[in-house]
> 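Input: one structure, supplied below.
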Amino acid sequence: MSLETKIMDAMKAAMKEKDKVALESLRAIKSQLLLLKTGGGDGEVTEEQEVLLLQRLVKQRKEAYEQFVANNRQELADNEIAQAKVIEQFLPKQLTPEELENEIRSIIEEVGAKDIKDLGKVMGVASKKLQGKAEGKLISQTVKNLLA
């Protein structure tokens, strides 16, 4: 089942339940998918593009959350974090910190990295291999900790 189909089904359910937060989040995903489809190319959206789109939307919501909290706008912050949770449901299962560390250790062995100078090599492989399974910032932080 494609992401677009899942979104449409979830939108129908949210409308029936009168869940405004979920509906707003799902409409944002649908809108971005439509923009991605019509933005050029053959009109097809790959699974990788879908995951990147969802990750970008979650990241935007989390950044907005932090801004609202910093400006003492808790009701708006709560809305943003609720939307992020709705969007995260459509992302692949995220790795736990332990699983992420194990994956990165195997990548470090695979590329033969010895110290922090090999960060670029490890990040190149890790970013491709773990795309969608963990946030880039978390991957980078884990690689730095293991190479230090």
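All values below were derived from every heavy atom in this structure, side-chain atoms included, with hydrogens, water molecules and symmetry-related copies excluded. Quick caveat, the model's predicted, so the values are computed rather than measured.
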> Residues two or more places apart in sequence or in another chain: which of them pass side-chain contact (heavy atoms from CB on, under 4.5 Å) with L76?
F68, R73
> Just distance, no hydrogens or angles: give the donor-acceptor pairs under 3.5 Å from side chains in residues 129-144, sequence neighbours left out.
| from | atom 1 | to | atom 2 | distance (Å) |
| --- | --- | --- | --- | --- |
| T142 | OG1 | L138 | O | 2.8 |

> Taking atom CD of Q94 as the centre, report whether more than 12 heavy atoms of other residues, nucleotides or ligands fall under 6.0 Å from it.
yes
> Quick check for you: to the nearest 0.5 Å, what is the distance between E50 atom CD and L91 atom CG?
11.0 Å
> Quick check: do M11 and I7 have side-chain heavy atoms less than 4.5 Å from each other?
yes
> Under 3.5 Å, sequence neighbours excluded: what are the donor-acceptor pairs made by side chains of residues 102-118?
| from | atom 1 | to | atom 2 | distance (Å) |
| --- | --- | --- | --- | --- |
| N102 | ND2 | E98 | O | 3.3 |
| R105 | NH2 | E101 | OE2 | 2.6 |
| S106 | OG | E103 | O | 2.7 |
| D115 | OD1 | K117 | N | 3.1 |
| D118 | OD2 | K114 | N | 2.8 |

> Taking side-chain hydrogen bond (donor to acceptor under 3.5 Å, both in side chains) as the test, write out the residues that go with E66, two or more places apart.
none
> May I ask you to list the residues sharing a hydrophobic cluster with Y65, side-chain cutoff 4.5 Å, ordered by chain and number?
V69, I81
> To the nearest 0.5 Å, what is the distance between NZ on K121 and CG on L119?
11.5 Å
> Restricting to side-chain hydrogen bond (donor to acceptor under 3.5 Å, both in side chains), what partner residues turn up for E88, sequence neighbours left out?
K62
> Applying side-chain hydrogen bond (donor to acceptor under 3.5 Å, both in side chains), can you list everything that pairs with Q49, at least two apart in sequence or on another chain?
T46
> Provide the closest heavy-atom pair for A84 versus V58 in the form atom of the first, atom of the second, distance.
O-CG2, 4.0 Å
> Between NZ of K59 and CG of L54, what distance do you get to the nearest 0.5 Å?
14.5 Å
> Can you measure from CD1 (I29) to CG (L34) and round to the nearest 0.5 angstrom?
13.5 Å
> Dump the intermediate steps for side chain to side chain contact (heavy atoms under 4.5 Å, CB included) on E4 and K37, then the final yes or no.
CA-CA 11 Å; E4 196 169 10; K37 272 185 164 181; 2.5 Å; yes
> Quick one: list whatever passes side-chain hydrogen bond (donor to acceptor under 3.5 Å, both in side chains) with E48, sequence neighbours left out.
none
> Taking side-chain contact (heavy atoms from CB on, under 4.5 Å) as the definition, give me every residue that meets it alongside N72, ordered by chain and number, with sequence neighbours left out.
none
> Checking K12 now: which residues fulfil side-chain contact (heavy atoms from CB on, under 4.5 Å) with it, not counting sequence neighbours?
D9
> Should L23 and I87 be counted in the same cluster of Ile, Leu, Val, Met, Phe, Trp and Tyr side chains packed under 4.5 Å apart?
yes
> Can you measure from CG (L57) to CZ (R61) and round to the nearest 0.5 angstrom?
5.5 Å
> Spell out, yes or no, whether V51 and L100 are grouped together once hydrophobic residues are joined by side-chain heavy atoms under 4.5 Å, including indirect joins.
no
> Could you give all pairs that pass the side-chain hydrogen bond (donor to acceptor under 3.5 Å, both in side chains) test and reach residues 16-30, with sequence neighbours left out?
E24-Q83
> Rounded at 0.5 Å granularity, tell me how far NZ in K6 sits from CG in L3.
7.0 Å
> Output all residues satisfying side-chain contact (heavy atoms from CB on, under 4.5 Å) with D78, sequence neighbours left out; order by chain, then residue number.
Q74
> Please determine if E99 and K93 form a salt bridge, counting it only when a charged side-chain N lies under 4.0 Å from a carboxylate O.
yes
